[in-house]
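Note on naming: letters A, B, ... go to the chains in the order of the sequence lines (proteins, then strands), and numbering restarts at 1 for each one.
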Protein chains: 4
Amino acid sequence: MAESQEIELRGHIIDSGIMTQLFDRVMDMGGNFEILTFDIGKEKTDPSYARLRIAASSKDKLRSILSELHRLGARPLEVKDVHLVAAESDCVVPKGFYTTSNHPTNVKYGGEWIPVEAIEMDFLIVVDPKKKRAISVALGKIRNGDLVVVGEQGVSVQYPERPREQSTFEFMHGTVSSERPSETLIAKIAKEILDIRKNGGKIAVVGGPAIIHTGADKALAGMIRNGYVNVLFAGNALATHDIEYNLYGTSLGMDISTGNPVMGGHKHHLYAISEIMRAGSIKKAVDTGVIRSGIMFECVKKNVPFVLAGSIRDDGPLPDVITDVMVAQDAMRKQIEGCSMVLMIATLLHSIAVGNCLPSSVKTVCVDINPAHLTKLMDRGTTQAIGIVSDAGTFLPLLAKQLEIQSCA
Amino acid sequence: MAESQEIELRGHIIDSGIMTQLFDRVMDMGGNFEILTFDIGKEKTDPSYARLRIAASSKDKLRSILSELHRLGARPLEVKDVHLVAAESDCVVPKGFYTTSNHPTNVKYGGEWIPVEAIEMDFLIVVDPKKKRAISVALGKIRNGDLVVVGEQGVSVQYPERPREQSTFEFMHGTVSSERPSETLIAKIAKEILDIRKNGGKIAVVGGPAIIHTGADKALAGMIRNGYVNVLFAGNALATHDIEYNLYGTSLGMDISTGNPVMGGHKHHLYAISEIMRAGSIKKAVDTGVIRSGIMFECVKKNVPFVLAGSIRDDGPLPDVITDVMVAQDAMRKQIEGCSMVLMIATLLHSIAVGNCLPSSVKTVCVDINPAHLTKLMDRGTTQAIGIVSDAGTFLPLLAKQLEIQSCA
Amino acid sequence: MAESQEIELRGHIIDSGIMTQLFDRVMDMGGNFEILTFDIGKEKTDPSYARLRIAASSKDKLRSILSELHRLGARPLEVKDVHLVAAESDCVVPKGFYTTSNHPTNVKYGGEWIPVEAIEMDFLIVVDPKKKRAISVALGKIRNGDLVVVGEQGVSVQYPERPREQSTFEFMHGTVSSERPSETLIAKIAKEILDIRKNGGKIAVVGGPAIIHTGADKALAGMIRNGYVNVLFAGNALATHDIEYNLYGTSLGMDISTGNPVMGGHKHHLYAISEIMRAGSIKKAVDTGVIRSGIMFECVKKNVPFVLAGSIRDDGPLPDVITDVMVAQDAMRKQIEGCSMVLMIATLLHSIAVGNCLPSSVKTVCVDINPAHLTKLMDRGTTQAIGIVSDAGTFLPLLAKQLEIQSCA
Amino acid sequence: MAESQEIELRGHIIDSGIMTQLFDRVMDMGGNFEILTFDIGKEKTDPSYARLRIAASSKDKLRSILSELHRLGARPLEVKDVHLVAAESDCVVPKGFYTTSNHPTNVKYGGEWIPVEAIEMDFLIVVDPKKKRAISVALGKIRNGDLVVVGEQGVSVQYPERPREQSTFEFMHGTVSSERPSETLIAKIAKEILDIRKNGGKIAVVGGPAIIHTGADKALAGMIRNGYVNVLFAGNALATHDIEYNLYGTSLGMDISTGNPVMGGHKHHLYAISEIMRAGSIKKAVDTGVIRSGIMFECVKKNVPFVLAGSIRDDGPLPDVITDVMVAQDAMRKQIEGCSMVLMIATLLHSIAVGNCLPSSVKTVCVDINPAHLTKLMDRGTTQAIGIVSDAGTFLPLLAKQLEIQSCA
């Protein structure tokens with residue numbers, strides 16, 4: 001092992017499994033390590049500290065290993081400033097650019113550590129030398145001359161720590177299961193929601209149209225009315241079917257109260273869109289009394305902002321739908337800011353989209369009847385999510401009920 | 001079309017879709033038909049009557065078409081007695097033997113129509129000439145000399161009719177969906193259960209271990225205690241995990257009340273089996289106070305019979321488990337007799353097994369988180385089932401709640 | 001039954017199951033019918049003809065029943081001209097507007113039957129009185145003053161017929177199964193593709209990124225190179241991962257040739273997008289030798305048009321991606337024109353989107369590992385699709401092989 | 001941390017992830033640890049050695065932690081003999097009995113380490129003092145007076161090590177994915193099979209009836225004929241449908257070569273069973289020329305033993321089916337002995353059953369179209385399995401092809 005370098009890690013590196021991931025990664029990549037110092041925090045709240053020498057057979061291999069360890073929060077003993085290269089042109093960036101994770105990140109610039117603002121996965125980092133600020137920016141938004149971080153030098157990632165005294169809630173991060181006690185989980189999620197609300201935190205819901213089809217809309221509308229939802233992310237389908245149901249009593253042409261198909265009901269979703277087009281917007285339709293109940297109605301009444309992002313399978317769409325997906329992403333990002341929790345219900349597309357924009361520190365719960373959808377969400381990087389294989393139509397009413405019970409207690 | 005024969009059908013043949021299936025089948029098989037008489041019932045409760053001439057290009061083709069139509073309830077204008085051939089030896093039956101559907105069936109013998117007793121799909125019909133009785137018998141139970149019905153002659157099937165004034169409950173037969181209003185469906189199932197109980201009907205539950213893992217056991221135990229379940233079909237796993245949970249608070253080594261894994265919990269299911277082995281049986285374990293709560297406890301206390309059928313993946317198994325699958329099938333059949341409704345929850349193996357033994361007239365509801373399991377149940381012949389894609393852990397508590405609400409109303 | 005009206009149907013109404021659907025529908029809706037004439041085509045190629053009197057207890061009920069039968073192709077004996085109402089304003093349409101099915105449709109205008117152009121489901125029909133043309137138009141594209149068809153009067157739908165001498169290919173329409181003989185199906189699809197190509201037909205492929213992840217990209221690239229694909233519909237993900245793989249040998253950071261993760265590979269998809277941004281477009285990247293193989297490469301080389309439709313989960317996106325979903329829909333529609341067959345592989349979003357734009361006469365095959373996705377496609381109206389539960393990574397290589405074998409034979 | 005004990009671990013404890021699991025476990029259980037010695041193997045093939053002091057706040061907690069670490073292969077510095085207690089009666093065992101993992105295990109008895117024979121998960125260990133042998137025994141097979149190991153004292157587990165120079169094959173253990181390069185994986189599995197055969201290893205196939213329905217039977221029959229399969233585990237359904245297909249050309253009543261349903265075909269599986277009953281057994285049916293091709297035919301011709309285990313959903317069953325599940329388990333165990341690889345195809349029930357009996361050292365590949373089935377197999381303890389989400393009907397033909405190609409190379 002001709003080449004080597006010392007690195008250090010700090011924090012709850014053992015109980016968070018970081019240390020073990022580090023060992024695994026070095027071994028997987030054919031490197032070697034020597035533990036130089038390993039101070040385990042004496043008390044539960046104390047951080048640990050480790051200093052290791054990483055060795056590899058060549059400079060390239062060593063760099064490649066260190067690059068992986070970097071993402072786990074390891075850094076060289078002496079950190080230099082980030083290496084900045086100006087973008088040659090709009091969207092054209094220097095090769096070897098640094099790509100972000102969704103974990104809190106700092107960069108060393110001018111000898112000082114500055115936090116990277118608006119961190120989001122798979123972005124670049126741009127440094128503004130005048131304001132001494134570092135911002136995470138999408139590849140498509142890089143402008144000519146932007147100073148882009150290249151390589152890992154001077155970048156430090158705070159890999160998420162799993163505290164020793166963890167709640168079940170946290171225990172389940174990154175898992176998908178249909179063999180979990182559903183009511184126990186629902187009670188824990190309700191508690192989490194109430195705690196966040198008590199602390200003034202912001203809660204987002206990402207929802208798919210199955211919420212309407214399975215009859216869970218009343219539960220969600222009630223949660224909005226009772227102040228448990230601060231922002232709603234959805235598409236044309238959820239809003240259209242919600243409005244269809246509240247105007248005509250049907251969803252996908254089926255009478256939700258009886259489960260029977262309604263003859264002629266296949267036209268109702270188009271009629272619903274048409275009525276909103278006539279009114280001009282969902283808000284106007286609520287204000288003029290066209291819509292008198294439902295999820296969208298409650299959002300308008302409670303001033304809960306909603307982002308309806310367009311998709312290529314949209315009918316209509318409703319005038320409120322943002323048809324340019326890049327514009328919709330930005331609208332989502334704006335509303336995601338400050339969220340403490342995101343509840344994703346029965347939509348793969350919107351869940352992955354919102355998940356892509358979330359820092360890993362946001363508590364994320366995803367409920368879907370299809371376990372493959374939950375696996376995909378996590379495979380796409382939203383590893384902090386708790387995946388629950390359940391039916392929106394039974395899950396949301398039980399959650400609404402728990403919120404009621406626990407908030408009275 | 002050189003060969004032809006007249007057939008007739010009677011009953012709610014239009015609203016039940018029988019007529020249309022008949023047309024389809026003839027066309028699919030390259031035959032032709034002429035409608036000779038077609039009397040549609042004037043009132044909603046009146047049966048219809050149709051007489052048709054079926055034609056085909058050869059005798060073989062015609063026979064083959066008539067054989068299909070036979071299963072839809074069509075029969076020749078003049079029906080002769082069944083053709084009986086004695087079994088050459090145990091389990092060795094005459095070629096061309098008649099195989100049953102799961103619909104009510106009659107055979108003409110000695111010029112009289114006699115009902116086939118204990119009808120079950122994929123069985124043979126044996127006629128006892130002395131007692132003038134016809135019984136449906138499994139291939140493996142045919143004994144030397146049994147008089148077995150060969151061919152369709154003299155056999156008449158009553159294809160199930162769909163009444164015009166149908167409930168939603170009936171409307172959904174043979175469908176699988178995760179896009180149905182869950183609470184509406186649950187309310188309808190609760191109503192059906194209460195109606196059946198009011199009329200003295202018998203209700204069976206088929207359950208898998210996920211009932212315990214998802215925390216729905218209290219709901220099911222409550223339903224048994226409150227008299228909504230008359231017989232329980234399950235395997236070693238449901239009983240073991242129920243007992244494990246009630247002895248140690250865990251299921252699959254997880255604490256159900258917190259959702260956390262319990263260290264050492266992986267041994268609990270074996271300890272549970274060991275305790276029942278020590279006691280001698282589940283009943284003795286209840287009687288001696290070893291088991292004090294849970295699904296199996298309630299069954300014993302309420303004298304609800306249970307059939308625990310063995311499977312090759314069983315640990316232990318519990319002393320109550322019937323390890324010979326053919327013996328277990330017979331035990332199941334005995335308990336199925338007289339059932340008006342079967343509720344299948346989260347088990348593919350036991351649901352198909354029980355479904356195989358059910359006449360098509362039994363109301364069958366199957367709840368599973370995996371839509372492919374519901375499709376398979378119906379593909380295997382239990383076409384009368386309503387398939388609900390939902391989570392046992394939320395479905396059963398909501399059903400128990402609905403039963404409580406509706407029974408008080 | 002106070003109210004009644006006579007209707008007629010023509011065509012392969014029995015073998016197509018139309019007649020039986022009609023009976024079912026009338027019964028379901030509480031109406032009644034009398035068969036006045038029922039002429040079954042004598043020869044296999046002869047159409048049938050039926051005249052029926054439909055009765056209901058009220059005018060409203062009768063109208064509602066006739067509206068359903070309309071969609072099956074039934075029409076009154078005497079058809080009047082369509083009823084046209086001018087749109088009050090852009091996107092604001094007269095109440096009771098007619099919504100299209102995806103079946104061939106004609107309208108009676110000025111006493112003549114004229115075909116509705118560019119038929120697509122859930123659209124409106126606009127008549128241009130000067131040019132005597134009728135066009136199907138999306139709700140969102142209706143402009144002030146457009147003459148919109150209201151009600152069913154004067155509209156005639158040609159419900160798709162199932163010919164008596166059907167191929168297996170057609171037999172499977174509207175079904176989803178994982179229990180079908182895969183190689184037999186693949187051979188039939190290959191035959192269908194070769195037949196279409198021989199007849200100068202146009203074949204579209206709709207593909208998801210799993211084509212790359214599962215290693216089926218070489219098979220698809222080969223099919224494009226060999227002229228079996230006339231247009232490709234996909235999203236940013238398929239194109240990005242295809243280019244990533246051809247530039248760096250990875251997909252989702254995994255080495256496709258070994259199945260091993262490549263360290264640092266998580267950056268490759270962004271690097272790939274960056275290279276195309278630098279080049280300006282996929283075509284330019286091919287022309288300048290940046291991309292030298294793969295699906296997108298073959299499309300450029302063979303002048304196969306592709307539509308890359310944006311989605312809110314897109315990274316980048318590539319410069320070729322159409323980020324406005326309504327613009328993307330129009331681009332898709334333009335390329336769909338004239339397609340005889342669409343092969344959908346491993347993408348729910350794009351399959352439903354393309355399916356929405358297809359007339360029901362286009363042969364549609366959808367392959368997905370997730371049976372729920374296939375069910376959803378059909379539930380959303382693409383009922384003509386054949387659903388195959390299979391793995392893109394094994395399905396496409398076997399299809400490419402079959403095309404090779406059969407084209408040599 | 002009042003209580004503490006020193007333990008040691010030896011082997012590839014870092015690269016196998018054992019060390020990190022140990023850290024995690026101690027932390028999860030609220031304990032603490034001090035690293036006393038940590039010698040990392042210098043060369044890739046060198047084992048590592050660690051000595052740690054584990055501390056906890058109470059004796060009970062410490063015992064509980066040590067019990068978990070025991071399963072990872074950790075053991076006290078000084079190991080005493082196992083503690084043996086005689087079973088009070090048949091199936092009635094001393095409380096606190098030791099339950100096995102599926103990893104190689106040794107017990108200290110009479111001061112010597114002796115290997116536990118026939119290791120299988122969730123069994124007890126019985127020591128024969130005369131013969132100085134230790135055997136793993138099912139709870140249900142414990143006999144009065146058997147000397148059963150109680151507690152972990154004197155038991156040492158060899159937790160499976162992941163070698164540093166791993167093949168992809170090994171890399172994927174314990175994962176389920178539909179986003180893997182299918183052909184690459186198939187090539188690797190083929191290579192593994194050929195390597196095992198070259199080394200005289202034994203390969204088992206566990207198969208479900210979908211092998212027949214999807215048309216993969218010819219591929220499997222070919223693999224048996226060519227000597228790639230040494231034992232077959234299946235149920236009544238696979239054998240019945242294989243024989244049905246080879247007698248009548250149908251499976252589930254469908255013509256496999258065309259994919260079309262065959263009229264009257266629903267009887268064929270019963271006819272097939274009847275023919276075998278007439279012959280007496282599958283072997284006799286082959287010997288007398290009743291069966292002339294197929295999977296079961298090849299097994300008989302090549303003297304490949306098969307175990308057909310009964311299930312409660314069986315029709316018939318065939319005379320070869322073992323209807324007592326406990327007897328079937330034993331038959332399976334007998335044939336599993338010495339297997340180097342098990343290939344599980346499209347059956348959840350039989351895969352879990354065989355998995356339960358396998359030592360963790362057996363290479364296990366499971367192919368299923370349903371990802372939830374693969375997850376369940378691993379959740380039930382067969383963690384060494386590689387899960388591949390694919391279609392038997394395309395997977396097996398490609399595997400058979402690869403075997404042909406690679407064996408010629």
Side-chain angles (χ1 to χ4, degrees), chain C residues 166-172 175 177-189 208-219 241 245 250-261 346 367-372 386 388-402, chain D residues 166-172 175 177-189 208-219 241 245 249-261 346 367-372 386 388-399 401-402:
Chain C
Q166 61 186 346
S167 67
T168 303
F169 192 80
E170 275 131 357
F171 174 78
M172 288 180 57
T175 65
S177 185
S178 62
E179 293 189 325
R180 284 279 162 67
S182 312
E183 287 194 301
T184 299
L185 278 177
I186 288 170
K188 281 177 194 285
I189 294 167
I211 291 174
I212 322 296
H213 308 327
T214 63
D217 52 305
K218 274 186 197 64
H241 290 295
Y245 174 55
T250 58
S251 169
L252 279 183
M254 177 178 60
D255 181 334
I256 296 290
S257 65
T258 64
N260 291 333
V367 181
D368 204 299
I369 197 80
N370 196 325
I386 294 175
I388 299 174
V389 185
S390 190
D391 166 13
T394 53
F395 182 92
L396 278 176
L398 285 171
L399 178 59
K401 188 88 195 156
Q402 268 298 316
Chain D
Q166 59 187 346
S167 66
T168 302
F169 192 78
E170 275 131 358
F171 175 78
M172 288 181 56
T175 65
S177 185
S178 62
E179 294 189 326
R180 284 279 163 68
S182 311
E183 288 195 300
T184 301
L185 278 177
I186 289 170
K188 281 175 194 285
I189 293 167
I211 291 174
I212 323 296
H213 309 327
T214 62
D217 53 306
K218 276 188 195 64
H241 289 295
Y245 173 57
T250 58
S251 169
L252 279 183
M254 177 178 60
D255 181 335
I256 296 291
S257 65
T258 65
N260 292 332
V367 180
D368 204 299
I369 197 80
N370 196 325
I386 293 176
I388 298 174
V389 185
S390 191
D391 165 14
T394 53
F395 182 92
L396 278 176
L398 285 171
L399 178 60
K401 189 86 195 159
Q402 268 299 315

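Between I256(C) and P181(D) the shortest side-chain heavy-atom distance falls below 4.5 Å. The closest side-chain heavy-atom distance from T394(C) to I186(D) is below 4.5 Å.
In terms of heavy-atom pairs under 4.5 Å with chain D, the best-connected choice from S182(C), A346(C), S251(C) is S182(C). Note on S390(C), A392(C), A210(C): by heavy-atom pairs under 4.5 Å with chain D, the leading option is S390(C).
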For V389(D) and D391(C), what are the C-alpha separation, side-chain angles and deciding distance, and is it a side chain to side chain contact (heavy atoms under 4.5 Å, CB included)? CA-CA 8 Å; V389(D) 185; D391(C) 166 13; over 6 Å; no
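Remark: E183(D) CD to K218(C) NZ distance equals 9.0 Å, nearest 0.5 Å. Note: N370(D) CG to I369(C) CD1 = 9.5 Å, rounded to the nearest 0.5 Å.
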